[in-house]
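Worksheet: the structure to be examined is printed underneath.
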Amino acid sequence: MKTIIAEKPSVAREIAGLVGASDKKDGYLTGNGYFVTWAFGHLIGLGMPEDYGISGFDKTALPILPNPFLLTVRKVKKDKGYTADTGALKQLKIIEQLFNKSESIIVATDAGREGELIFRYIYEYLKCNKPFERLWISSLTEKAIKQGFENLKQGKEFDGLYQAAQGRSRADWLVGINATQALSIAAGNGIYSLGRVQTPTLALICKRYLENRNFKVKNYWQIQLSHNKELIDFKSISKTKWEDQKLAVDTLKAIQRSGTTTITSVETKSVTEQPPLLFDLTGLQKEANKKLNLSADETLNIAQNLYEKKFITYPRTGSKYIPEDMWAEIPNLVRALQDRENCKQAITKMKWGRFNKRIVNDLRVTDHHGLLITDKIPSALNAKENSVYDMIAFRLLEALSQACIKEITDVALQSLHYDFTTKGCKIIEPGWRSIKGNFSDDDTEPVQDLPELKKGDELKIKEASVLEKKTKPPVLYTEAGLLSAMESAGREIENEDERKALQNIGIGTPATRASIIETLFTRNYIQREKKSLIPTEKGLQVYKLVKDRKIADVAMTAEWELALQKIENNEADARVFQKEMENYASSITNELLQTSIAQNNLPKLICPKCKSQQLIIRDKIVKCPDGVCNWVQFRNVCGVQIGITDIENLINKRKTSLIKGMKSKAGKKFDAYIVLNENAESSFEFAQNKSYKK
């Protein structure tokens with residue numbers, strides 16, 4: 001018998017159907033010489049400090065450097081501690097029995113770093129020594145799975161991948177556990193969670209937020225002129241930006257009196273815009289955030305669903321290319337899309353037999369190729385799945401189309417020695433831009449049509465006006481912007497040599513960036529304000545504590561990703577990397593333990609119920625330390641974090657300011673005051689003086 005182990009039950013059922021294992025048992029399927037079973041994601045993980053006999057946050061125990069690292073069954077929170085997950089224990093017992101009954105194992109967990117880790121940790125924990133082979137596939141279609149089984153790979157071929165995954169897992173443990181405990185001990189006021197990738201990501205958000213907030217907006221004025229030639233209206237704008245409005249208005253009057261402008265130069269150049277490449281996961285997440293307002297995590301979950309339904313290839317990819325041997329498949333995918341109503345129009349614009357081969361590059365394909373549809377075309381998807389699927393389908397059609405050729409004309413004009421400028425654009429060859437009919441990017445101003453113009457032409461001024469403008473602060477990060485910054489962390493680095501070394505490497509990987517952002521939300525470090533990501537009070541507090549420390553260093557985190565890639569490619573030693581991480585964990589632990597945290601920034605408030613105890617203020621709750629009184633106020637009310645000033649107002653004045661954007665259980669937004677009655681019970685008071693108990 002052979003045991004096939006998949007990452008989750010749905011994938012196991014697909015595989016079981018193809019290998020003829022149709023007999024359902026508890027926790028597995030069997031038949032035709034196979035057992036087919038599954039994990040539930042990470043069944044086994046690295047032990048926690050208590051597994052090494054270290055309980056609570058103990059300064060004398062830091063830094064904690066396990067040797068060896070212990071593996072434990074996944075734990076769930078129970079009361080104040082953690083206990084082994086009963087579902088995980090049960091499934092693990094089934095896997096162990098099947099491994100023992102088999103001559104060999106076929107690994108069918110997801111074909112990537114985390115999928116490899118899920119299997120290897122189970123294999124190691126069970127002290128299994130049976131030989132294993134790897135099913136390495138990029139889609140779950142019947143054809144792909146059959147081909148995968150015909151080309152099973154030796155397990156040892158993926159030792160580098162496992163060592164990189166294990167290195168990542170241990171590095172996150174060493175940095176996360178030690179840094180979190182060290183800063184929390186130094187603070188003595190709640191838990192300050194830090195992490196190898198989450199903290200540099202938080203630093204990116206906070207740095208941008210503070211630059212935006214501290215930006216001094218300046219007003220300036222420009223003159224805009226309207227012209228008409230050959231029945232075409234167009235506008236020009238002054239090169240001068242006046243800081244004095246009166247000067248701009250005086251100039252405007254003089255120009256109006258002159259009534260004409262002269263063309264001083266006309267430059268026309270041809271611009272070739274190559275089609276975009278295929279999506280990798282980060283590219284898809286950025287596009288879905290911009291166009292559909294989906295979070296990175298939502299996009300990943302939707303893409304994973306589409307993958308498991310066999311509609312797209314493996315989503316957790318970091319590549320935008322396909323290998324040469326896949327090129328022959330591409331026309332079939334385009335043909336299959338002819339059955340999809342909203343793709344029909346676009347396919348009529350495709351030049352059959354002249355598909356663009358830019359996406360073919362064997363050297364740029366990592367574990368997986370760029371995101372593709374499969375030849376199975378969906379008919380019944382929900383609205384969000386449909387939108388994400390269409391993004392992937394249309395991107396394929398764009399990538400296969402020809403370049404878009406534009407003619408860009410730059411015109412310089414002069415009126416009374418003041419220089420003006422205008423720009424025109426003509427589409428010569430629509431190419432890939434005809435697929436969706438977008439001829440300029442969303443973030444660029446649409447370019448106007450210009451009449452035939454030549455140097456020396458005199459133009460009448462139809463209209464002239466002064467435009468008031470403002471200098472713009474650095475924009476707050478949206479999730480799409482943050483993903484770009486994480487992807488190109490190297491570009492945020494000021495040292496040029498470092499920046500060059502890291503230009504193709506980011507922080508996190510395509511597979512992990514969504515969960516890093518979600519972790520920052522869970523920790524209450526960031527929140528959404530419309531589309532922007534902004535730090536919470538707590539997030540800014542953490543940033544101010546660590547911004548000059550190694551743990552917030554984007555360059556260092558990006559270098560680790562580079563080191564992990566080298567381990568994966570068998571170009572670097574995993575033991576050397578671990579030693580470096582231990583040294584790093586020791587140094588940041590000492591750094592953070594010496595951090596002095598001002599405790600006086602929290603107000604001293606007396607409990608409104610017992611009127612004797614000083615309240616304890618944490619980021620999630622405000623509570624009375626007296627066990628009998630037990631007064632408590634949660635700081636997250638209907639999805640909104642209540643700031644310190646409002647907590648002060650609630651205790652001292654029995655009423656907060658108007659809190660906006662709270663959400664009811666039904667998902668409706670409302671604004672209200674939080675008020676305390678004479679028994680210190682809180683309730684809402686609406687602007688119309690209605691009130692009800694919370």
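As a basis for the values below, the full set of heavy atoms in this structure was taken, side chains included, without hydrogen atoms, waters or symmetry mates.
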Taking side chain to side chain contact (heavy atoms under 4.5 Å, CB included) as the test, write out the residues that go with [X], two or more places apart.
X      : answer
Val217 : Phe215, Lys470, Thr471
Gln578 : Phe69, Arg170, Glu582
Asn212 : Pro473, Leu476
Leu210 : Arg213, Asn214, Leu540, Tyr543

If you measure from the Lys or Arg side-chain nitrogens to the Asp or Glu carboxylate oxygens, is any gap between [X] and [Y] under 4.0 Å?
X      : Y      : result
Asp671 : Lys660 : no
Arg120 : Glu116 : yes
Lys90  : Asp26  : yes
Glu685 : Lys655 : yes

Is there a side-chain contact between [X] and [Y], using heavy atoms and a 4.5 Å cut-off?
X      : Y      : value
Leu92  : Tyr125 : yes
Val76  : Tyr82  : no
Ile621 : Gln633 : no
Arg113 : Leu564 : yes
Ile606 : Ile651 : no
Val546 : Leu592 : yes

Open item on the list: Would you say the rings of Phe670 and Phe684 are close, in the sense that their centroids are separated by under 6.0 Å?
Closed with: yes
Please check if the side chain of [X] supplies one atom and the backbone of [Y] the other of a donor-acceptor pair under 3.5 Å.
X      : Y      : result
Tyr584 : Ala171 : no
Thr37  : Ile5   : no
Asn178 : Leu174 : yes
Asn289 : Ala480 : yes
Trp38  : Val11  : no
Thr199 : Ile551 : no
Thr589 : Ala182 : no
Thr519 : Ser515 : yes

Sequence neighbours left out, what passes salt bridge (charged side-chain N to carboxylate O under 4.0 Å, His left out) with [X]? Give chain and number order.
X      : result
Asp548 : none
Glu479 : Arg528
Glu114 : Arg168

- [ ] Apply the side chain to side chain contact (heavy atoms under 4.5 Å, CB included) test between Gln285 and each candidate in Thr299, Val388, Ile517; give the one that qualifies.
- [x]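 With Gln285 as partner, Thr299, Val388, Ile517 yield a single side chain to side chain contact (heavy atoms under 4.5 Å, CB included), made by Thr299.
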Open item on the list: Please enumerate all residues that pass ring-ring contact (aromatic ring centres under 6.0 Å, His included) together with Phe279, with sequence neighbours excluded.
Closed with: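 Phe279 satisfies ring-ring contact (aromatic ring centres under 6.0 Å, His included) with no other residue.
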Task: Residues forming a side chain to side chain donor-acceptor pair (under 3.5 Å) with Ser55, sequence neighbours excluded - done: none
Task: Results of side chain to side chain donor-acceptor pair (under 3.5 Å) for Asn386 - residues two or more places apart only - done: Arg340
Just by distance, with hydrogens left out, do [X] and [Y] show a side-chain donor and acceptor under 3.5 Å apart?
X      : Y      : answer
Ser657 : Asp646 : yes
Gln198 : Ser193 : yes
Thr509 : Thr512 : yes
Lys75  : Thr83  : no
Gln541 : Glu537 : no
Gln166 : Tyr162 : yes

TODO: Report the distance from atom CD of Glu681 to atom CG of Leu676, rounding to the nearest 0.5 Å.
DONE: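 Separation between the atoms: 9.5 Å.
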Task: OH on Tyr477 to CG on Leu533, rounded to 0.5 Å - done: 10.5 Å
- [ ] Sequence neighbours left out, what pairs pass salt bridge (charged side-chain N to carboxylate O under 4.0 Å, His left out) with at least one residue falling in residues 295-305?
- [x] Glu298-Lys384
TODO: Only pairs at least two apart or in different chains count here, so list each salt bridge (charged side-chain N to carboxylate O under 4.0 Å, His left out) that has a residue in residues 279-288.
DONE: Lys286-Glu487, Glu287-Lys291
Task: Glu678 vs Lys609, salt bridge (Lys or Arg N to Asp or Glu O under 4.0 Å): CA-CA, chis, key distance, verdict - done: CA-CA 9 Å; Glu678 59 280 5; Lys609 189 177 175 188; over 6 Å; no
- [ ] Take Leu70 and Leu46 through the side chain to side chain contact (heavy atoms under 4.5 Å, CB included) test and state the conclusion after the steps.
- [x] CA-CA 6 Å; Leu70 299 176; Leu46 296 177; over 6 Å; no
TODO: Start with the C-alpha gap between Met48 and Ile177, add the side-chain angles, then the distance that decides, and say whether side chain to side chain contact (heavy atoms under 4.5 Å, CB included) holds.
DONE: CA-CA 9 Å; Met48 295 310 282; Ile177 297 285; 3.6 Å; yes
